[in-house]
Amino acid sequence: MQSEAPLSFLPQLSQRFQSLVWSCLDSDLTKTAVFHAERYYAADPHNHDSRHLYATALLREGQTYSALALVNIPTDAQCTGCLEIKARCCTALGRHREAREALEATLKDHSYVPSAATSSRTSRPFPDEAAMRCKSGSMALKGNLPEKASVSFRQALVLNPYLWEAFEGLCALGSIPEIDELFPPRPPPVRKAPPEDPQAKTAPTATGANFFTPDAGSNGFRGWKPDPSQPQPFRMPLPAGPRDSITPNDSFPPNEHSFQQTHRVGRLHPPIPTALQNNVSRPLSSADETGPVPKRLRSTTRQPEPPNPSKPTKQTADDPLKKARARPALLFANIFSSSGRRTQPAATSRTNAGVGKTNIPPANTNIGTRRSTRLLSGTGAKQPHPSKLPPNRDRRRQLTHIHSRSAESDMEDELIPVGEIAYSHSPPSNTHSPRSEGSPSPGPWTSAHEQIALEEYEAELAEHHLYELLRRFASATRALATFDCQRCLGELEQLPRPHQNSPSVLAMVGRAHYESLDYASAERAFKAVRTLEPHRLWDMEVYSTLLWHLQRNVELSFLAQELLSINPRSPQAWIAVGNLFSLQKERSQALTCFRRAAQLDPTCAYAYTLSGHESIDEDLDKAINFFQSALRADPRHYNAWYGLGTCYLRMSKIRLAEYHYRKAVAIHPNNAVLLGCVGMAVERRGDRKAALLLFDEAVRLAPDNALVRYRRAKILVSIRKYSLAVKDLESLRNSSPEESNVVFQLAKVYRLMGDELRSAQTLAVARDISPKSLSKMKKLLETVMDEAGDEQMDQG
């Protein structure tokens with residue numbers, strides 16, 4: 001994607017964002033409105049309309065402090081619309097005096113005109129079908145009906161792919177189709193080009209008004225009729241020309257409306273075999289009777305003699321069908337009946353013959369004939385045999401008389417039923433008489449055409465940019481929901497630069513690093529989020545748990561106090577406070593805070609999970625109940641499955657522990673700790689080779705994870721692969737030199753290998769690190785060479 005939205009279509013993109021956000025607000029899909037409003041604000045942060053719309057969406061979603069921070073800017077940059085939204089935010093927060101001051105300041109500006117983001121609007125009284133299906137899916141998701149929720153969300157996305165809440169619902173269910181299935185790729189828009197220069201292309205040569213010469217290689221239009229059973233080639237639209245299509249009526253769908261509808265040129269085919277000439281239109285010139293012959297040169301200075309339009313003829317009766325059939329003869333009369341009919345540019349004919357197609361834009365644009373009606377209808381009168389045709393002079397006279405009546409039947413031509421004349425997919429022809437010298441005709445490509453084409457192209461560019469942006473975000477969100485963190489980070493890096501620096505994207509980056517156990521990178525990302533949006537509540541429960549893992553007591557305390565001051569009724573604030581008490585080893589207070597978070601939001605599975613982890617050391621049955629409650633709220637909460645596995649492992653229910661650990665791994669297959677837990681359960685039931693394979697996979701996923709590497713070293717010792725165990729233990733000793741268990745294990749391995757000197761040196765280091773571990777030292781000294789098993793060593 002592009003690094004940023006080009007300025008050429010930014011106004012169209014702004015209009016598209018505004019209509020999209022307001023339609024979501026009208027349907028009470030506030031999360032979707034916030035998503036698109038943030039995209040709008042990131043694309044154009046200096047536009048006050050985007051600021052107002054983003055603040056309005058946040059206010060409707062309940063993020064009042066974040067909305068207030070957007071509009072509570074310095075006075076010199078604050079507009080009257082910002083003051084009006086500030087008054088609404090202060091009213092929601094109970095700051096009535098500040099709200100009054102903002103309203104009074106708004107009233108002082110008599111020249112203020114409300115923008116689309118702040119003015120009152122008339123919303124639809126009932127949401128559309130897509131919004132209703134999205135809400136139905138949300139209710140089914142909360143009601144533990146995953147199948148029905150998935151169906152509703154998919155139907156909503158089919159009707160409206162921009163409903164972000166429907167896609168997030170599918171991600172929460174875990175049944176996420178491929179992005180190309182939900183959001184099929186669209187080709188980039190193509191700008192309508194001006195008409196090509198007829199002299200640069202292989203085009204007919206104009207010889208005067210209402211006259212052009214077809215290419216010699218195409219043999220004119222002699223007796224040709226398309227075969228309905230054969231596919232016809234494409235027809236490229238060209239401006240300023242008559243309706244000239246001879247494509248079968250079932251070859252193409254009708255054209256879209258545009259200012260170029262009146263111009264259509266067909267591609268010519270070779271003459272059909274003689275056996276099919278019984279249904280072919282009559283020949284158009286004397287040359288048609290004798291077959292294709294080389295054309296003689298014709299002077300380009302002669303002008304065709306205009307026939308007399310006042311002479312009626314009996315061939316065109318009052319039947320409208322016959323009038324429509326007679327109309328194409330006008331063009332051929334002008335082409336072939338002129339006395340100067342013997343010229344043809346040799347270079348042009350050679351070029352077109354090599355290409356195999358002929359493009360025929362006429363020189364004069366006031367010829368509005370309708371040749372495709374007779375050629376395509378198949379209902380015309382049976383044509384006489386070429387040998388029975390009248391002489392050339394008489395036939396020219398007939399064509400001239402027919403032309404006089406074809407101009408009168410122009411308007412009637414459009415009213416002929418489809419059943420009488422085969423439908424032509426060409427656009428409507430000009431209604432002006434082709435013989436009228438003073439009638440207006442469509443001119444060449446003008447500045448008005450250029451402006452219209454530019455506006456249409458920019459609108460299509462804006463829509464394409466918005467759709468591709470949605471696809472990129474969907475790909476990243478799907479990768480994060482399936483815990484494919486590296487792919488998520490790769491998709492986010494391909495976003496335009498303004499969107500990469502938005503708070504929601506940085507929060508996704510922090511969560512991806514957190515799930516990858518890269519806590520340092522996750523901390524940097526969440527700090528950037530707090531800098532950009534200091535009053536943000538979303539994703540702060542993950543940030544507080546990250547600070548708990550990093551043992552950041554001061555930062556966690558500050559975060560908990562700020563979240564409580566922002567919204568004391570938010571579950572994120574109480575989870576942060578509970579993590580703070582848990583870090584300070586005050587488990588009863590932590591349980592109280594987690595219980596409070598669950599009361600504020602019964603669907604918050606993370607609050608139940610943290611409660612289970614806090615009570616796992618005191619009451620296993622109580623912890624199991626907490627984990628089961630978390631799974632009822634969110635069946636894909638892998639932390640709850642992990643907690644249940646830990647409870648059953650402590651209860652020595654190895655099979656149940658392995659089952660729950662594997663359920664967690666199925667949800668988050670890239671978590672090294674979960675793979676290590678499965679390996680530990682497999683080892684406990686005696687399958688050490690399978691356990692070693694699991695630990696190898698865990699080390700491959702997280703080479704810097706000390707826990708899985710230490711457990712793999714223990715398994716290597718138990719299967720007597722001492723050299724490999726020494727490599728893991730030495731690596732752990734270098735990364736964690738103060739860890740006494742690693743040093744004791746390394747001393748034991750050296751002793752098992754028969755290296756008494758290194759064993760004594762390592763044991764002396766262990767005694768300095770943990771002088772109270774005399775019992776472990778005595779057991780270590782009793783170890784003899786090649787002793788198998790080390791379960792008795794890891795009790796400290």
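Hydrogens, waters and symmetry mates are skipped; everything else that's a heavy atom, side chains included, is used. Just so you know, these numbers come straight off a predicted model, no measurement behind them.
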#### Entry: Lys/Arg-Asp/Glu bridge criterion (N-O < 4.0 Å) met for R552, E523
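Here R552 pairs with E523 in a salt bridge, since their nearest N and O are under 4.0 Å apart.
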### Message
Less than 4.5 Å apart, side chain to side chain, heavy atoms only: is that true for D601 and W574?
### Response
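No - every pair of side-chain heavy atoms lies 4.5 Å or more apart.
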### Query
Would you call W641 and L674 a side-chain contact if the rule is heavy atoms closer than 4.5 Å?
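W641 does not reach L674 side chain to side chain.
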Contacts of [X] that satisfy salt bridge (charged side-chain N to carboxylate O under 4.0 Å, His left out) - sequence neighbours left out:
X: D180; value: R471
X: R524; value: none
X: E460; value: none

List for me each residue that meets side-chain contact (heavy atoms from CB on, under 4.5 Å) alongside [X], sequence neighbours excluded, and say none if there are none.
X: C485; result: A512, E515, S516
X: A462; result: F9, Q12, L13
X: L559; result: R530, M540, Y543, S544, L547, L563

### Message
Angle between ring planes, Y519 versus H549, binned at 30° and 60°: parallel, tilted or perpendicular?
### Response
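Geometry flag for H549 against Y519: parallel rings.
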### Task
Describe, in one word, how the ring planes of Y162 and Y467 are oriented to each other, choosing from parallel (under 30°), tilted (30 to 60°) and perpendicular (over 60°).
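Perpendicular.
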Holding to side-chain hydrogen bond (donor to acceptor under 3.5 Å, both in side chains), I want the full list of residues that pass it with [X], two or more places apart in sequence or in another chain.
X: R569; value: none
X: W548; value: S582
X: H637; value: T609
X: D484; value: none

### Query
Do any pairs count as a salt bridge (Lys or Arg N to Asp or Glu O under 4.0 Å) and have a residue in residues 33-47, sequence neighbours left out, and if so which ones?
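The answer is none; no pair qualifies.
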### Message
Considering only residues two or more places apart or on different chains, which pairs with a residue in residues 152-178 satisfy salt bridge (Lys or Arg N to Asp or Glu O under 4.0 Å)?
### Response
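Output for this query lists R154-E181, E178-R478.
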### Query
In a check of salt bridge (Lys or Arg N to Asp or Glu O under 4.0 Å) between R191 and each of E450, E456, E458, which one passes?
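The salt bridge (Lys or Arg N to Asp or Glu O under 4.0 Å) with R191 is passed solely by E450 among E450, E456, E458.
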Separation between [atom1] of [X] and [atom2] of [Y], rounded to the nearest 0.5 Å:
X: D128; Y: L163; atom1: CG; atom2: CG; value: 7.5 Å
X: F183; Y: F473; atom1: CZ; atom2: CZ; value: 12.5 Å
X: K31; Y: W164; atom1: NZ; atom2: CH2; value: 13.0 Å

